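Working notes, structure below.
Worth saying up front: this structure is predicted, and the values here are computed from it rather than measured.
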Number of protein chains: 2
Amino acid sequence: MPRPTITQVAALAGVSIASASRALNDQIASAETIEKVRKAAAELGYIPDSRARSLKLGRTQQLAYAVADIGNPVYVEMMSAVQHVVAASGYRLVISSTGTTSTSLEVVDELRRGHVDGLILSPLRVTDELIQALELAPVPVVVLGRAPEESTIDSVRADSPRGMRMVVDHLVATGRRRLVFLNGPRDTTPGRLREEGFLAAMAAHPDAEGRTFAAPDFTIASGYAAAQKVLDDADDAPLDAIVAANDLIGIGALHAADDLGWSVPGDLSITGMDNTELAEVTRPGLTSVDLGAAERGRLAAELLLARIAEPTRAVHTVTVAPSLTIRASSMAKPLAQATAERGVG
Amino acid sequence: MPRPTITQVAALAGVSIASASRALNDQIASAETIEKVRKAAAELGYIPDSRARSLKLGRTQQLAYAVADIGNPVYVEMMSAVQHVVAASGYRLVISSTGTTSTSLEVVDELRRGHVDGLILSPLRVTDELIQALELAPVPVVVLGRAPEESTIDSVRADSPRGMRMVVDHLVATGRRRLVFLNGPRDTTPGRLREEGFLAAMAAHPDAEGRTFAAPDFTIASGYAAAQKVLDDADDAPLDAIVAANDLIGIGALHAADDLGWSVPGDLSITGMDNTELAEVTRPGLTSVDLGAAERGRLAAELLLARIAEPTRAVHTVTVAPSLTIRASSMAKPLAQATAERGVG
DNA sequence: CTGAAAGCGCTAACAA
DNA sequence: TTGTTAGCGCTTTCAG
């Protein structure tokens, strides 16, 4: 049996389809009509067709979430939060993985198909071209990341510079003086911001020195190779802390240190960033900056829903405060030794 | 400026809207018409409205992926694979998180809105009620998990019993004789199957003995607590291997062993299941059975697309072969000691 | 408060 | 090959 339409509900209730529609939606009808229609709808198991509704109303009750790589734990965390908010508001979530190479422009172009009422976009690189496209997008867009100050696009950003500052302050406070920043690719937004944040933080500590090194990817393997190189050169260029640009690189560094016989945190502190589940799983646990991925996802979804509800509202740029989760990988030396005795190091 | 419609394209090209539609879709038109329409469409930047198309054609070019918890790494891995296949075939992916409590029945009901052309469902519990609902679903469904033999639903299943057999064989071959199976909740499909698989595998090794213990969740915290209890009781009930029902429980066990001063794999082998990214991150690395999550996701998507293309085709039940990834957590003793000297244990 | 009718944008008969 | 027309299922004027 085919799905019942509103026409059949109306027929069974003995009213016009217009009345049926009104009774079901606005409730603007006589009590008697509403009752009859509800009963008929229930009897037939009527559920309105979202395709027809979309066409008529010009909205789909769907939102898009587009990121470079939906497998990335940070994006997954955001997505869960987004999905939660979105579902609670009666929207569906359409995901699209843009791939690390593309510029997200295709995603914006796709919006013109009208299949979603809004977009949450986390672009790897924010180009002028992209911003321009977003301003002209047919539906509201919220950017997870840095949108230019003067743009008219809502955005939710992490505060990685401040996060970096927290990490560096913590390392210096626990006695580290020669820090190496292990970055991913510098031509990405996180790569650029985190490195700038690191250097700015170091500038506040004249008694400590920091240098930087860029791995080709934000991955464990890249982090491992990069850390290996840095640790191998330690005779010429000593160090007592590695500040990784993200958890994956940090874990790679943790493994490299382990394999090269460095004691963490005895000889070397290692920190990550993003505070993914992975950071909790390593031993020693990886100290990491939580940039509030879930919180950012939640806010992005709320901003988007608010703008859909009120398209002319003021532009919002929300920054989520980071927090530092200190784990064993960056404990101060006395603590570190106590830990090592238990067999952790 | 509003999105151009096919009416405007037709007007600019100087043909009827029907001709414009044919030229754009089937290409059944004179070369001249096709050329004119293409030019007009390009000039206006025309993109067909997917809402109107959905209503007219009765299909949305969207598929749904529904799992209990989209934050779970296994589901994420599947989702990535699904998204990959689906996007390559011109479909969009709508995700929905059913929550651990629900029976997935709401998801099936939602299908009647007609917003997707098919569903990939990974139910936590497969009830008769659910299967019945799936058989009556208005669009094709592929189940990730066990569908009853006689049902008419395509499904892709992991072979966790065989995976368990591989783990147990490996542990026995490396000298372990007293195995404890650390399960999650037994009233879930994976919980039941994995425990049965463990017991069946043990039956093949009369010289070894195995017992089981159920944690309330498939989480690190539950695994930690459960392992703690089992290890505390080791005087009365000795053991030399923990077989965890999944990686999270395995990692919890790894941490508990560490904290209680057990050397892994010196005193104790620990294994997980699912071979998530997490298993690679721990030290010692967690031996784990790869149940082919990505492969299952890929196959499920392909099965769904095939059924949509040919609704009357034969029912397919595909089983993906597991593979064992041996890491340091279950090395044989000689190897284990060599590793320990390097400071891993 | 209710019903008739228009129409969202598109595709697919059908006729020419 | 082309144009005319109906209609997918629904909401929303507009009269009554």
B/Arg192: what forms a salt bridge (Lys or Arg N to Asp or Glu O under 4.0 Å) with it, not counting sequence neighbours?
-> B/Glu196

All heavy atoms of B/Ala23 vs all of B/Ile34, minimum pair found to be CB-CA, 4.0 Å

Quick one: closest heavy-atom pair of B/Lys36 and B/Ala13, and the distance?
-> CD-O, 3.7 Å

To the nearest 10 degrees, the angle between the two end axes of the helix from C/dC1-D/dG16 to C/dA16-D/dT1 (five pairs per end) comes to 40°

Any pair counted as salt bridge (Lys or Arg N to Asp or Glu O under 4.0 Å), so long as it reaches residues 300-313 of chain A, sequence neighbours left out | A/Asp154-A/Arg307, A/Arg298-A/Glu302

Is there a residue in residues 43-62 of chain A whose heavy atoms reach under 4.0 Å of DNA chain D, and which residues are they?
-> A/Tyr46, A/Pro48, A/Asp49, A/Ala52, A/Arg53, A/Lys56, A/Leu57

So, do A/Gln62 and B/Gln62 sit near enough that their side-chain heavy atoms are less than 4.5 Å apart?
-> yes

Considering only heavy atoms of chain A and a distance under 4.0 Å, specify the first and last nucleotide of DNA chain C in 5' to 3' order that meet this criterion.
-> C/dC1 to C/dG9

The complete set of side-chain hydrogen bond (donor to acceptor under 3.5 Å, both in side chains) pairs with one or both residues in residues 74-86 of chain A, sequence neighbours excluded, reads none

Residues A/Ser97 and A/Ala68: closest non-hydrogen pair is OG-O, 3.1 Å

In residues 13-34 of chain A, which residues come under 4.0 Å of DNA chain D by heavy atom?
-> A/Ile17, A/Ala18, A/Ser21, A/Arg22, A/Asn25

What residues form a side chain to side chain contact (heavy atoms under 4.5 Å, CB included) with B/Arg113, not counting sequence neighbours?
-> A/Ile47, A/Pro48, A/Ser50, A/Arg92, B/Glu110, B/His115

Which residue pairs pass the salt bridge (Lys or Arg N to Asp or Glu O under 4.0 Å) test with at least one member in residues 37-48 of chain B, sequence neighbours excluded?
-> none

Taking only residues two or more places apart in sequence or in another chain, which ones pass side-chain hydrogen bond (donor to acceptor under 3.5 Å, both in side chains) with A/Gln132?
-> none

Can you check whether B/Leu121 reaches B/Tyr65 side chain to side chain, under 4.5 Å on heavy atoms?
-> no

Hey, are B/Thr60 and B/Asp117 close enough side-chain-wise for a donor-acceptor pair under 3.5 Å?
-> yes

If you round to the nearest 0.5 Å, how far is CG of A/Leu55 from CZ of A/Arg51?
-> 11.5 Å

With a 4.0 angstrom cut-off to heavy atoms of chain A, pull out the first and last contacting nucleotide of DNA chain D, in 5'-to-3' order.
-> D/dG9 to D/dT13

Would you please name every residue forming a side-chain hydrogen bond (donor to acceptor under 3.5 Å, both in side chains) with A/Asp187, sequence neighbours left out?
-> A/Arg125

Under 6.0 Å from the CG atom of B/Asp26, do we count more than 12 heavy atoms belonging to anything else shown?
-> yes

